Amino acid sequence: MSKSQFQAPKGTRDIMAPESDRVSNLLSIFEETLNSGGYGQIISPIFEDIRVFQRLGDSSQIVTKEMFDLFDKDPKNPQHLVLRPELTASICRAFTQHRPVTPWKVWYQGPQFRYEKPQAGRYRQFLQVGAELLGSPDPHADVEIISLASRFFQKAGLSNTKLLLNSLGDAETRANYNEALIGYLNLNQADLSEQSQNTMLKNPLRVLDSKREQDQAVIHSAPVISDFLNDDSKKHFQIVQKGLSMLEIDYELTPRLVRGLDYYTKTTFEFIAPGLDTAQNAVGGGGRYDGLVEALGGPPTEGIGFAIGIDRTLLACEAENISVPTNNIEIFVIDTTGGDEALILSDELRQIGFSVDRSFDQRSMKSQMKAADRSGAQLAIIIGTDELNENQVTLRDLRGDGTQIALDRQSLSKALPEMLQEMTK
RNA sequence: GUGGCCGUAGCUCAGCCUGGUAGAGCCCCUGUUUGUGGUACAGGUGGUCGCGGGUUCAAAUCCCGUCGGUCACCCCA
């Protein structure tokens, strides 16, 4: 066997069963959760005009160097396109384009792309699900969004996730805080790492996100934004917290929680899976972005949303040993008369709703039995020359004591449902 | 973008230091069992040792480069 000449591109992977069963399971749980909240699905393009994302702010590396470029071939309209690195901006673009009635509640699911160096829980193509609520400043909208994300993790069976909560305040708050933070960082610049001294110039907030040992002392004593919230922001944040308490959703106030994109205002949050023994333990996050639609050329519109990384949620499920729901087949047809019977019978039984598998290549009885066992099927239907001549089939219970009974071929489909139910008891 | 570790059978890995005919376990196939799986035993298929160059009589093994994986940093879901 020669070595495969091609492999999946760097930072991408093939997700195969049974892992893919878990993915589709998570996706359907998510869909169910969001549908139950009156959110409609939006299926937006996988690529967009690069400018849609450039409005996110250029202090973010996502915008500056982590996008996959595409170029429209039409010489009359040489558009610069990119594979979407996130979806909130796409959705705000869709909002300004279609101007739906507000509140506009949407959910999405799909791959996103960032040109990064891969590592644990980080891929160049990664799968996210998320939701956005546009057109309401109501803090209860924040609570609804957070609660839907939280319920998703719950339904997925994850017990070890933690909700981190913070408020970045409005523009006024941020300006005041930035000033104080810059002043503080300047005073303590000498104690900061080289990287952080750099970050400080571009986006002081992000210094709080540093994981370097050297920076921790400075970060620890830095002024916190909660002390700078103005009345409006403070009130908003209080109602959010009260709402979460009313829903009995636990959270941890983390005044140093900073998110990667510049557009966030007021409420920001992150779900982490502390059980994940990797540097990338954030499984989801989001927040309010009241100025974003306007920045994309739309009317002033408030917005709040979240995104959940399915790849990392997958890792968290594995870390918590949550069982994978698999699509086991129910019946395995064994045919030693040449294969015609297996062909006909499996088709017949599939049509009436059973999941049925069979062997190919006219293998031996023994080999087919082995395949039947491996398939996980409850029941084997055996057709040999004896059965064929008698116009019968033999049923064998593969999971119990191996009981076999003979049955008329004609009465098979009628008797099967009851028999299977009996056996799985 | 920076750094550590790793690339040998479908999978998990040994062999590499000290160069001399490519190994184990699992999986898969066949048989013991003349129509019957899950246990046991026996046998078998499968590898230009990631790729390219160099050193050498001789390279999986030493050297250089490159690609990929992985983990961390930067950054981020």
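Throughout, protein chains are lettered first and strands after them, A, B, ... in sequence-line order, and every chain is numbered starting at 1. Everything quoted here is computed from the prediction, not taken from an experiment.
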- request: Using a 4.0 Å heavy-atom cut-off across all strands, classify A/I310 as base, sugar-phosphate, or nothing.
  value: nothing
query: Contact class for A/T385 vs. all strands (heavy atom < 4.0 Å): base, sugar-phosphate, or nothing?
result: nothing
message: Does the plane of the ring in A/F95 sit parallel, tilted or perpendicular to the ring in A/W104? Use 30° and 60° as the thresholds.
response: tilted
message: Students often get this wrong, so: under 4.0 angstrom with heavy atoms, is A/G11 touching a base, only sugar-phosphate, or nothing?
response: sugar-phosphate
- prompt: When we call it a touch if two heavy atoms are under 4.0 Å apart, what does A/A307 touch: a base, just sugar-phosphate, or nothing?
  reply: nothing
message: At 4.0 Å (heavy atoms only), tell me whether A/F332 reaches a base, stays on the sugar-phosphate, or touches nothing.
response: nothing
query: Distance between the C1' atoms of B/rG15 and B/rA59, in whole angstroms?
result: 14 Å
message: On the nucleotide B/rU30, are OP1 or OP2 found under 4.0 Å from the side-chain N or O atoms that A/R363 carries?
response: yes
- prompt: Which value, in whole Å, describes the distance between the P atoms of nucleotides B/rC62 and B/rG19?
  reply: 9 Å
- prompt: Can you tell which of B/rG35, B/rG68, B/rU70 lies closest to the side chain of A/Q7?
  reply: B/rG68
- request: Using the side-chain hydrogen bond (donor to acceptor under 3.5 Å, both in side chains) rule, collect all pairs that involve residues 361-375 of chain A, keeping only residues at least two apart or in two chains.
  value: A/D373-A/R399
message: Nearest heavy atom decides the nucleotide; on that basis, is A/R124 or A/T12 closer to the 5' end of RNA chain B?
response: A/T12
message: Other residues, nucleotides and ligands only: do more than 12 of their heavy atoms fall within 6.0 Å of OH on A/Y115?
response: no
message: Below the 4.0 Å mark, does B/rC76 have OP1 or OP2 next to a side-chain nitrogen or oxygen of A/R312?
response: no
message: Give me the distance, rounded to whole Å, that separates B/rC63 from B/rC29 when you measure between the P atoms they each carry.
response: 42 Å
- request: Decide yes or no, distance alone: a donor-acceptor N/O pair under 3.5 angstrom between the base of B/rU36 and the side-chain of A/Q368.
  value: no
message: I need the CG-C1' distance between A/D215 and B/rC75, as an integer number of Å.
response: 14 Å
- request: Can you label the angle between the A/F271 ring and the A/F153 ring as parallel, tilted or perpendicular, going by 30° and 60°?
  value: tilted
Over 12 foreign heavy atoms within 6.0 Å of CG, A/D250: no
Residue pairs, two or more places apart or on separate chains, that pass side-chain hydrogen bond (donor to acceptor under 3.5 Å, both in side chains) and touch residues 18-28 of chain A: A/R13-A/E19
field: Between B/rU36 and B/rA24 - C1' atom distance, rounded Å
entry: 32 Å
- prompt: How far apart are the closest heavy atoms of A/L148 and A/Y39, and which atoms are they?
  reply: CD1-CE1, 3.4 Å
message: Measuring only the C1' atom in each nucleotide, how far is B/rG65 from B/rC26? A whole number of Å is fine.
response: 36 Å
B/rG20 versus B/rU61 - spacing of their P atoms, nearest Å: 10 Å
task: Using a 4.0 Å heavy-atom cut-off across all strands, classify A/E116 as base, sugar-phosphate, or nothing.
output: base
- prompt: Counting any heavy atom closer than 4.0 Å, what does A/G384 reach on the DNA or RNA strands: base, sugar-phosphate only, or nothing?
  reply: base
- prompt: How does each nucleotide of nucleotides 37-43 of chain B score, in 5' to 3' order, for protein heavy atoms under 4.0 Å: base (B), sugar-phosphate only (S), or none (-)?
  reply: BB-----
message: I'd like the P distance from B/rC64 over to B/rC17, given in whole Å.
response: 15 Å
message: Strictly below 4.0 Å: does A/Q119 bring a side-chain N or O up to OP1 or OP2 of B/rA72?
response: yes
task: Respond yes when some side-chain nitrogen or oxygen of A/T199 is under 4.0 Å from OP1 or OP2 of B/rC75, and no when none is.
output: yes
task: Evaluate the salt bridge (charged side-chain N to carboxylate O under 4.0 Å, His left out) criterion for residues A/R288 and A/D142: first the C-alpha distance (whole Å), next the side-chain angles of each, then the deciding distance (0.1 Å), finally the verdict.
output: CA-CA 7 Å; A/R288 187 163 271 283; A/D142 306 35; 2.5 Å; yes
- request: Please state the C1' separation for the pair B/rG50 and B/rU34 - nearest whole angstrom.
  value: 48 Å
task: Report the residue (A/S364 or A/A282) whose heavy-atom-nearest nucleotide on RNA chain B is the more 5′ of the two.
output: A/S364
